[in-house]
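Here is the structure we will look at.
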There are 2 protein chains.
Amino acid sequence: MTEQELQDSLRARGQRVTPQRILIHRALRELDRHASAEEVLERVTAPLPNASLPTVYATLELFEELGVVHRVPVAGGPTLWDPRTDGHHHLACRSCGRVEDLEGELDTAKLLRAARRRGFRPDSAEVVVGGLCGRCAD
Amino acid sequence: MTEQELQDSLRARGQRVTPQRILIHRALRELDRHASAEEVLERVTAPLPNASLPTVYATLELFEELGVVHRVPVAGGPTLWDPRTDGHHHLACRSCGRVEDLEGELDTAKLLRAARRRGFRPDSAEVVVGGLCGRCAD
DNA sequence: CTTTTTGCAAATGATTTGCATTAAC
DNA sequence: GTTAATGCAAATCATTTGCAAAAAG
């Protein structure tokens, strides 16, 4: 998502366009990996020395509602934020906790049907492949 | 997993069999749903009034290493513990945070291959279907 | 000018650590 | 007897809240 699209998305919901929001979005794009709120703040701190964690948290949550980012809950660590907005899968190292994107098709039709049968209204189906990353598989 | 199997599993790793461990395992089986450490403690407190949270946390982590339980990271809440040891999938309500088991087959061979191509040594592939549960889909 | 957003300080909630005591083996 | 496991109190880590000041529209 471009900066212009973010601004449009914000205005469309009556949300204000602030330097913090622009910079947090830019930080996520530039980090180009799953980052924690702390990591985002660090990156935002260079251009905006007084930026605060509460603002980062509030903004990431807002972005999630706007569909700008995905929240990736992590076992035993801070939740990570993923700037990709398309449905995709994840690799999670159970030793170091690292989470990476994983490309690949998957036929989830059967599972989604099972979910609906349970009264659930599904809107995503993502796989987490667990195991050991190359570095930890020693 | 039966109580006997748990004891064998503990002894096989040189771990001691304690009433706390037996009762925490029993609590998980009897709760028969994804429970938080707090909820496990509550249930253990009846037979063992002095049981403590640190012991519950340490024990659940040990059980995870033994493959006795699964840890389910939850966004915006305490991590939940799942007494099922077979690979299975999850439904996660993005409104109330509830997590339920989901039965169903899935061909993950292609994804696992992609994971290995990335130097990853995968040992599980589980789907999280996100959306709204029946109650929250109003 | 009005209302939202921000930053700061403090609060909360979950989980972990240090350490003396207790219990398994 | 030795060593690991437990319970307690206190610490830590991630995240949220209250509120006055600053900034967006």
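What you see is a predicted model; the values in this text were computed from it and never measured. Chain identifiers are assigned alphabetically (A, B, ...) following the order of the sequence lines, protein sequences preceding nucleic acid strands; residue numbering begins at 1 within each chain.
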- [ ] Report the distance from atom CD of A:E61 to atom C1' of C:dT5, rounded to the nearest whole Å.
- [x] 15 Å

Open item on the list: Please determine whether a side-chain nitrogen or oxygen atom of A:Q20 lies at a distance below 4.0 Å from atom OP1 or OP2 of C:dG7.
Closed with: yes

Task: Basic-acidic side-chain contact under 4.0 Å: B:K110, A:E105 - done: no

TODO: Please state how far atom CD1 in A:I22 lies from atom P in C:dT5, giving the value in whole angstrom units.
DONE: 13 Å

Open item on the list: Taking A:D123 first and then B:R94, would you say they form a salt bridge - that is, a charged N and a carboxylate O separated by under 4.0 Å?
Closed with: yes

- [ ] Would you indicate what B:E38 reaches in the nucleic acid, counting non-hydrogen atoms under 4.0 angstrom: base, sugar-phosphate, or nothing?
- [x] nothing

Task: N/O (side chain, B:T59) to phosphate O (OP1/OP2, D:dA5) under 4.0 Å - done: no

Task: Below 4.0 Å: OP1/OP2 of D:dT15 and any side-chain N or O of A:Y57 - done: yes

Open item on the list: Pick the closest DNA chain C nucleotide for B:A58 and for B:R11 by heavy atoms, then say which residue is nearer the 5' end.
Closed with: B:A58

Task: A:E39 CD - D:dA14 P separation (whole Å) - done: 10 Å

Task: A:D101 side, atom CG; A:H89 side, atom NE2 - distance, nearest 0.5 Å - done: 10.5 Å

TODO: Report yes if a side-chain nitrogen or oxygen of A:T55 is closer than 4.0 Å to either non-bridging phosphate oxygen (OP1 or OP2) of C:dG7; otherwise report no.
DONE: yes

- [ ] In whole angstrom, give the distance that lies between atom CG of B:L60 and atom C1' of D:dA5.
- [x] 15 Å

Task: Rounded interatomic separation in angstrom, taking CZ from A:R13 and P from C:dT5 - done: 13 Å

Open item on the list: Taking atom types as they are modelled, would you say the side chain of A:R21 forms a donor-acceptor pair with the base of C:dT5 within the 3.5 Å cutoff?
Closed with: no

TODO: Would you kindly give the CD-to-P distance between B:E65 and D:dA4, to the nearest whole Å?
DONE: 15 Å

Task: Sugar-phosphate, base or nothing in reach of B:P78, heavy atoms under 4.0 Å - done: sugar-phosphate

Open item on the list: Check the phosphate of D:dA5 against B:Q15, side-chain N and O only, distance under 4.0 Å to OP1 or OP2. Yes or no?
Closed with: yes

Open item on the list: I need the CG-P distance between A:L62 and D:dT15, as an integer number of Å.
Closed with: 17 Å

Task: First encountered from the 5' end of DNA chain D, between B:P54 and B:R16 - done: B:R16

- [ ] Would you kindly give the CZ-to-P distance between A:R71 and D:dA14, to the nearest whole Å?
- [x] 15 Å

Task: Distance, nearest 0.5 Å, that separates CG of B:L60 from CG of B:L41 - done: 10.5 Å

Open item on the list: Mind checking if A:P19 touches a base, just sugar-phosphate, or nothing, with heavy atoms under 4.0 Å?
Closed with: sugar-phosphate

- [ ] Tell me which of A:N50 and B:T79 sits closer to the 5' end of DNA chain C, going by the nucleotide each one is nearest to.
- [x] A:N50

Open item on the list: Under 4.0 Å, heavy atoms only, any strand: does A:A51 hit a base, just the sugar-phosphate, or nothing?
Closed with: sugar-phosphate

Open item on the list: Taking any heavy-atom pair under 4.0 Å as a contact, classify A:S36: base, sugar-phosphate, or nothing.
Closed with: nothing

- [ ] Compute whether any side-chain donor of one residue and acceptor of the other, for A:H90 and A:H34, lie under 3.5 angstrom apart.
- [x] yes

Task: Worked check of salt bridge (charged side-chain N to carboxylate O under 4.0 Å, His left out) between A:R71 and A:E126 - done: CA-CA 12 Å; A:R71 183 198 300 246; A:E126 299 186 359; over 6 Å; no

